[in-house]
Novice: 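Right, I'll just put the structure down here and ask away after.
None of the values given here were measured: they were computed from a predicted structure. Labels below follow one simple rule: chain letters A, B, ... track the order of the sequence lines, proteins then strands, and each chain is numbered from 1.
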Amino acid sequence: MPLSHFRMQKTYDHQKIEKKWHQKWFKAKLFRASDEDKSKPKYYVLDMFPYPSSAGLHVGHPEGYTATDIISRYLRMKGYNVLHPMGWDAFGLPAENYAIKTKIHPEKSTLASITTFKRQIQELGFSYDWEREIATCLPEYYQWTQWFFCFLYKNGLAYKKKAPVNWCNDCQTVLANEQVVEGHCERCKFPVTPKFLAQWFFKITDFIDDTGETSGLLSGLDKIDWPESTKIGQRNWIGRSEGVNWINQRVKDMDISFEMYDSVPQTYMAQRFCVIAPEHPMVAKLVEGTEHEKPVTEFVEKVKKRKMENKFDLEKEKDGIFTGRVIDNPFGTGDLPIWVASFVVMDYGTGVVHSSAHDERDFAFAKANNLPLHPVMFPEDPEEAKKVEALEYCYHHDPMAIMQEPAEFKGRRWGEVREDLIDFVVKKGLAKRQTNYKMRDWLVSRQRYWGAPIPMVYDDQENEYLLPEDELPVHLPEDVDFNPKGESPLTQSKSFHDQKILARIEEKLKKSGSMPKDRKLVRRESDTMDTFVCSSWYMWRFMDPKNKKEFASKKLMEQWGPVDLYVGGAEHTVLHLLYARFFCKALHRHGYISTDEPFTKLRHQGMILGEDGEKMSKSRGNVINPDEIVKQYGADTLRMYEMFMGPFKDMKPWSTKGVLGAYRFLKKTWAIITEAKLTDEEPDHDTLKMCHQTLKKVTHDIEEFKFNTAISQMMIMINHIQKLGKVPKAAMEILLTCLYPFAPHMAEECWELMGHKAMIMNEPWPAYDEAIAKEEQMNMPIQIAGKLRGTITVPVDIGKEEALALALAEPNVAKYLQGNKIVKEIFVAGKIINLVVT
RNA sequence: GCCCGGGUGGCGGAAUGGUAGACGCGAGGGACUUAAAAUCCCUUGGAGGUAACUCCGUGCGGGUUCGAGUCCCGCCCUGGGCACCA
């Protein structure tokens with residue numbers, strides 16, 4: 001047996017290596033973000049903090065976390081003071097549902113989940129500053145969530161209003177949309193009905209447009225580096241629309257008049273009827289005491305019920321009923337019958353709209369209900385115009401359409417009259433300019449236990465009072481029954497409504513003059529806040545997580561804010577990202593911070609699917625447990641594999657076989673360090689070139705979130721090095737530096753084995769040399785009429801004449817040129833030759 | 001329905017308008033081994049050809065261009081979001 005078989009091979013023991021470096025990093029507090037160090041530029045890298053579910057970490061979590069860890073480690077090497085924190089979005093429905101089922105208190109199950117999540121995340125070796133860890137369900141955090149409620153309330157940005165909730169009469173509880181399946185309760189299959197409750201709203205609509213120094217939710221998007229699709233998502237969500245409100249729309253023979261919003265006022269002379277939302281409070285008045293009262297009321301009830309069933313397709317709806325009333329039309333086109341129509345949305349505009357022949361849905365509604373239509377603009381083509389006149393189809397949104405009415409605009413094009421026409425009708429006193437938005441105010445009340453209590457109290461006459469700040473936090477009480485009893489779980493708690501404490505609060509309120517002396521406090525607000533409120537401000541808390549006096553100090557927020565890079569799933573395109581921007585803008589408007597956008601740069605990770613290409617789920621049995629991958633192959637392998645799978649933002653299926661590719665790469669690296677002959681000799685020309693090419697590619701790819709191609713370049717380099725007899729240390733050092741952000745345990749261990757005393761993380765990120773990285777030779781393709789007919793090996797910077805001469809000499813090319821005349825020579829330096837022949 | 005993505009080998013994917021398929025997985029063949037694992041080497045889009053090489057090929061149909069996976073127009077299929085899941 002050859003001697004080499006007895007040579008002790010140092011095996012790649014990932015478990016031992018990873019544990020060793022976790023301890024080293026932890027002991028030396030190496031990832032502490034320094035509040036004091038002003039010598040380095042700051043960079044704040046934030047992950048969307050996870051909801052610690054009882055299922056434990058999903059392989060989807062480490063995808064984003066690895067990306068931010070790569071960026072964080074890379075930037076530290078580049079000399080930045082990096083803030084990279086982690087925490088827990090710990091309030092929410094699942095823990096409460098779990099409590100109802102198992103009687104285990106949400107706090108207990110949530111804290112257990114956090115412990116598991118934390119262990120799993122730590123095993124992956126992410127460079128978080130754990131001293132800044134936060135959990136939204138802890139009083140030291142939710143005290144400040146409540147402070148934000150107070151802050152908004154004091155500034156007129158929180159108000160109470162009645163709104164419908166999904167109500168299950170069998171379970172006696174409010175249901176989340178998620179718990180409503182096709183209009184029925186998920187648990188007991190009972191039909192869900194609407195129930196109107198007084199609920200708290202935040203006035204997010206106040207921040208759509210710019211105000212003073214604070215950019216609005218719309219224009220602010222223009223200055224941040226976010227994916228365009230996400231910006232579009234937010235713009236569409238906000239749904240800004242400019243138009244007019246028609247005024248003095250009086251109901252004939254009644255003392256009622258409406259305003260009606262119109263985003264396309266050009267065709268107002270076509271209006272022949274109007275439609276009102278079933279929920280409109282005036283509907284009852286319109287039909288009161290008439291023969292229409294009964295059928296209309298029945299119709300309204302029917303529509304409301306169908307809307308609750310979530311199966312309501314606004315676009316296809318054309319159900320309606322006549323109210324028996326008409327609008328006394330001020331335009332001189334006759335009275336407009338008022339119909340109740342299922343498709344009219346109460347939340348948009350004023351809930352009453354005019355209808356005309358130039359709107360597709362109005363057109364369909366009129367045809368279905370035999371209502372009059374009257375086109376006022378026509379296509380240029382007389383044949384087509386006839387069809388429009390005959391109401392064969394709905395003619396709309398054609399800029400070239402020719403207007404017939406009003407007389408003042410006759411002959412002009414629809415596409416250019418808008419502004420003039422609006423001025424005209426405004427001057428005539430028919431309308432006023434109006435901007436509308438699809439977005440509604442944010443409903444934050446939740447009739448649940450596991451959330452931050454809303455810091456309000458009520459007196460015996462149901463008047464509301466904001467809690468004095470020194471009464472915060474309002475603790476979640478323990479004496480609560482999670483089983484639904486028809487109202488918020490907190491309503492039942494004795495300790496929550498402790499009369500002694502209420503008396504103390506009452507005294508304070510009276511002393512400060514905010515409460516009349518003859519009133520008596522009787523209860524606290526028993527609703528809690530939407531968990532999105534907790535996650536709307538957590539990025540500020542990370543900057544100053546231990547602060548007992550403020551949610552975060554102005555000084556530290558100026559120092560660390562805003563978040564330079566934010567990474568998370570695209571499912572948060574609208575809600576979370578919009579709410580966090582709203583909070584930031586509110587803080588900015590009221591002088592707390594100097595930035596009005598919280599996240600300068602945003603990137604989304606794509607979802608990781610199961611091996612079957614389907615979404616991972618327990619029921620499908622295709623869930624991959626990261627613990628098993630870490631145990632078998634190590635954290636570095638999991639990190640490498642997840643980054644290598646494909647483009648960061650794309651959805652990609654898991655492949656357990658594919659993990660092997662990443663593992664083999666790491667083992668090759670390990671083998672070179674532990675087995676190959678490392679030499680102090682300078683790298684040869686090709687190896688040096690490879691080093692600089694790799695450095696260049698990895699540097700650029702990290703910055704552009706192209707981690708998959710960065711890794712493939714490292715694979716190319718290791719394949720090259722493997723073929724060398726002696727491996728130059730200098731080359732391995734460059735490779736390990738590139739590898740460090742991706743597989744930090746492996747890189748540190750190898751670095752140490754190479755004899756380095758200091759850690760690789762303390763090395764500066766090396767600069768590449770463009771001149772060395774450059775290829776000097778290339779295979780230049782030669783096309784004839786766009787088809788590849790040969791290649792020539794030439795210097796990259798070869799000139800046109802020289803290249804053409806070589807190209808013509810290439811045998812296969814010459815063959816194809818026989819008997820043809822070259823009419824055009826395309827030469828793209830360093831790229832290609834294309835000869836166009838007759 | 002509305003809004004936003006995506007369709008490239010057996011699979012994940014790569015390609016500033018310039019040789020389509022880098023890198024990895026899988027598969028086939030070989031080396032080492034008593035054997036297996038591990039590792040290493042070779043082949044690997046399809047069809048034809050001993051070979052040189054040729055033809056076809058990036059969801060479908062058109063267009064722009066010397067040249068299109070990439071840009072434009074029209075389709076088909078598919079995934080995600082849609083306000084109380086987070």
Novice: Return the value, rounded to whole Å, for the distance between atom CD1 of A/Ile608 and atom P of B/rG12.
Specialist: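 It works out to 15 Å between those atoms.
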
Novice: How about A/Phe91 and A/Tyr142: are their ring centroids closer than 6.0 Å?
Specialist: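 Yes, the ring centres sit under 6.0 Å apart.
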
Novice: Is a side-chain donor-acceptor pair under 3.5 Å present for A/Ser488 with A/Asp527?
Specialist: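 Their side chains do contain a donor-acceptor pair, which is all the 3.5 Å distance test asks for.
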
Novice: Check this for me, if you would: do A/Lys160 and A/Glu525 make a salt bridge, where the nitrogen-to-carboxylate-oxygen distance has to be below 4.0 angstrom?
Specialist: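 So A/Lys160 pairs with A/Glu525 through a salt bridge.
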
Novice: For side chain to side chain donor-acceptor pair (under 3.5 Å), just list the numbers for A/Gln777 and A/Thr793, CA-CA rounded to whole Å, side-chain angles, deciding distance to a tenth of an Å, and then say yes or no.
Specialist: CA-CA 7 Å; A/Gln777 292 283 116; A/Thr793 303; 5.8 Å; no

Novice: Distance check, P atoms only: B/rU50 and B/rC40, in whole angstrom units.
Specialist: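 After rounding to an integer number of Å, I get 36 Å for this pair.
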
Novice: Quick check: on RNA chain B, is the nucleotide nearest A/Pro647 upstream (toward 5') of the one nearest A/Asn812, or the reverse? Name the residue that is more 5'.
Specialist: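 Result of the comparison: A/Pro647.
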
Novice: Just compare B/rU19, B/rC25, B/rC53 and give me whichever is closest to any side-chain atom of A/Lys815.
Specialist: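 It is B/rC53.
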
Novice: Taking the C1' atom in each of B/rG69 and B/rG13, what is the distance between them to the nearest angstrom?
Specialist: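 Looking at atom C1' only, B/rG69 and B/rG13 are 13 Å apart.
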
Novice: How far, in whole Å, is B/rG63 from B/rG46 if one measures between their C1' atoms?
Specialist: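 Straight-line distance between the two C1' atoms is 28 Å.
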
Novice: For atom P, what is the distance between B/rG48 and B/rU39, given to the nearest Å?
Specialist: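 These two P atoms come out 35 Å apart once rounded.
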
Novice: Measure all distances between protein nitrogen or oxygen atoms and nitrogen or oxygen atoms of nucleotides 37-41 of chain B, and list the pairs falling under 3.5 Å.
Specialist:
from	atom 1	to	atom 2	distance (Å)
B/rA38	O3'	A/Lys667	NZ	3.3
B/rC40	OP1	A/Gln722	NE2	3.0

Novice: Are A/Arg789 and A/Tyr816 in a cation-pi setup, meaning NZ or CZ lies under 6.0 angstrom from the ring centre and within 45 degrees of the ring axis?
Specialist: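 Yes, A/Arg789 and A/Tyr816 form such a contact.
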
Novice: Taking the basic N atoms (NZ, or NE/NH1/NH2) and the acidic carboxylate oxygens, is any pair closer than 4.0 Å for A/Lys101 and A/Glu96?
Specialist: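 Salt bridge between A/Lys101 and A/Glu96, a charged N being under 4.0 Å from a carboxylate O: no.
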
Novice: To the nearest Å, how far apart are A/Ile798 CD1 and B/rG18 P?
Specialist: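 Between P of B/rG18 and CD1 of A/Ile798: 20 Å.
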
Novice: Kindly give the atom pairs (protein nitrogen or oxygen, nucleotide nitrogen or oxygen) under 3.5 Å for nucleotides 64-68 of chain B.
Specialist:
from	atom 1	to	atom 2	distance (Å)
B/rC66	O2'	A/Asn834	ND2	3.3
B/rC66	O2	A/Asn834	ND2	2.6

Novice: Dot-bracket notation for RNA chain B is requested: 5' to 3', Watson-Crick or G-U wobble pairs only, both distances under 3.5 Å, with ( ), [ ], | and . as defined.
Specialist: (((((((..(((.....[....)))((((((.......))))))((((....))))..(((((..]....))))))))))))....

Novice: Using atom P in both nucleotides, what's the gap between B/rC71 and B/rU8 to the nearest angstrom?
Specialist: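 Pairwise P distance, B/rC71 against B/rU8, rounds to 16 Å.
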
Novice: What's A/Lys657 touching, base or sugar-phosphate or nothing? Going by heavy atoms closer than 4.0 Å.
Specialist: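 Contact class for A/Lys657: sugar-phosphate only.
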
Novice: If you compare all heavy atoms of A/Asp441 against all heavy atoms of A/Ile204, which two are closest, and at what distance to 0.1 Å?
Specialist: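 Heavy atoms only, the tightest pair is OD1-N, 3.2 Å.
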
Novice: I'd like to know if the side chain of A/Thr528 pairs up with that of A/Trp450 as donor and acceptor (distance under 3.5 Å, no hydrogens or angles considered).
Specialist: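 No - no donor-acceptor pair under 3.5 Å links their side chains.
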
Novice: In terms of base orientation, is B/rG24 syn or anti, with the syn window spanning 90° either side of 0?
Specialist: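 B/rG24: anti glycosidic orientation.
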
Novice: Would you say the side chains of A/Gln447 and A/Gln199 form a donor-acceptor pair under 3.5 Å?
Specialist: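 Yes, A/Gln199 and A/Gln447 have a side-chain donor paired with an acceptor closer than 3.5 Å.
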
Novice: Any chance you could measure A/Thr694, atom OG1, to A/Ile721, atom CD1, to the nearest 0.5 Å?
Specialist: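 So the OG1 of A/Thr694 and the CD1 of A/Ile721 are separated by 8.0 Å.
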
Novice: Give a yes or no on whether the ring-centroid distance for A/Phe202 and A/Phe149 is below 6.0 angstrom.
Specialist: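 Aromatic pair counts; centres sit under 6.0 Å.
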
Novice: For B/rU16 and B/rA27, measure between their P atoms and round to the nearest Å.
Specialist: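 So the two P atoms sit 31 Å from each other.
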
Novice: If I take atom OH in residue A/Tyr641 and atom P in nucleotide B/rG26, what distance separates them, rounded to the nearest angstrom?
Specialist: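 It works out to 11 Å between those atoms.
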
Novice: For A/Ile718 and B/rA22, give me the distance from atom CD1 to atom C1', rounded to whole Å.
Specialist: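 Taking atom C1' of B/rA22 as the reference, CD1 of A/Ile718 is at 18 Å.
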
Novice: Could A/Arg235 and A/Glu228 be called an ion pair, given the rule that one side-chain N must be under 4.0 Å from one carboxylate O?
Specialist: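 Looking at A/Arg235 and A/Glu228, the cut-off is met.
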
Novice: Between B/rG24 atom C1' and A/Trp654 atom CH2, what is the distance in whole Å?
Specialist: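 After rounding, the gap between these two atoms is 14 Å.
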
Novice: How would you list, by chain and number, every residue that makes a side-chain contact (heavy atoms from CB on, under 4.5 Å) with A/Phe363, sequence neighbours excluded?
Specialist: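 A/Phe363 satisfies side-chain contact (heavy atoms from CB on, under 4.5 Å) with A/Lys367, A/Leu373, A/Leu391, A/Cys394 only.
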
Novice: How many whole angstroms separate atom CD1 of A/Ile784 from atom P of B/rU19?
Specialist: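 Rounded to whole Å, this separation is 16 Å.
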
Novice: Would you say the ring centers of A/Tyr663 and A/Phe665 fall short of 6.0 Å from each other?
Specialist: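 No, they do not, as the ring centres are separated by 6.0 Å or more.
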
Novice: Take the protein atom CG of A/Leu788 and the nucleotide atom P of B/rC55, then report the distance between them rounded to whole Å.
Specialist: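 Spelled out: CG on A/Leu788 to P on B/rC55 is 10 Å.
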
Novice: Which value, in whole Å, describes the distance between the P atoms of nucleotides B/rA20 and B/rG45?
Specialist: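 B/rA20 and B/rG45 have their P atoms separated by 14 Å.
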
Novice: Using the P atom as the reference point in each nucleotide, state the distance between B/rC53 and B/rU70 in Å, no decimals.
Specialist: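 That atom pair is separated by 28 Å.
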
Novice: I'd like to know if A/Lys689 pairs up with A/Glu775 as an ion pair, taking the criterion as any Lys NZ or Arg NE/NH1/NH2 lying under 4.0 Å from an Asp or Glu carboxylate oxygen.
Specialist: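 Yes, this pair counts.
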
Novice: By nearest atom, which of the nucleotides B/rU54, B/rC55, B/rA22 is closest to the A/Ser712 side chain?
Specialist: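 Output: B/rA22.
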
Novice: When the aromatic ring centroids of A/Tyr641 and A/Trp654 are compared, is their separation below 6.0 Å?
Specialist: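 Ring centroids of A/Tyr641 and A/Trp654 are less than 6.0 Å from each other.
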
Novice: Does the Lys NZ or Arg CZ of A/Lys161 fall within the cation-pi geometry relative to A/Phe201 - under 6.0 Å from the ring centre and within 45° of the axis?
Specialist: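 Yes - A/Lys161 lies over the ring of A/Phe201, closer than 6.0 Å to its centre and within 45° of its axis.
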
Novice: Can you measure A/Met714 atom CE to B/rG24 atom P for me and round it to whole angstrom units?
Specialist: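 In whole Å, B/rG24 P and A/Met714 CE are 13 Å from each other.
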
Novice: Is NZ or CZ of A/Arg581 both nearer than 6.0 Å to the six-membered ring centre of A/Trp442 and within 45° of the ring axis?
Specialist: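 Not flagged: A/Arg581 not positioned over aromatic ring of A/Trp442.
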
Novice: Any chance you could list the contact pattern along nucleotides 80-86 of chain B? Use B for base contacts, S for sugar-phosphate-only contacts and - for none, protein heavy atoms under 4.0 Å, 5' to 3'.
Specialist: --SBBBB

Novice: How is A/Arg235 classified with respect to the nucleic acid when contacts are heavy atoms under 4.0 Å: base, sugar-phosphate, or nothing?
Specialist: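 Answer is nothing: A/Arg235 stays at 4.0 Å or more from every strand.
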
Novice: Polar atoms only, N or O, under 3.5 Å: list the protein pairs with nucleotides 3-6 of chain B and their distances.
Specialist:
from	atom 1	to	atom 2	distance (Å)
B/rC3	O3'	A/Asn236	ND2	3.3
B/rC3	O2'	A/Asn236	ND2	2.9

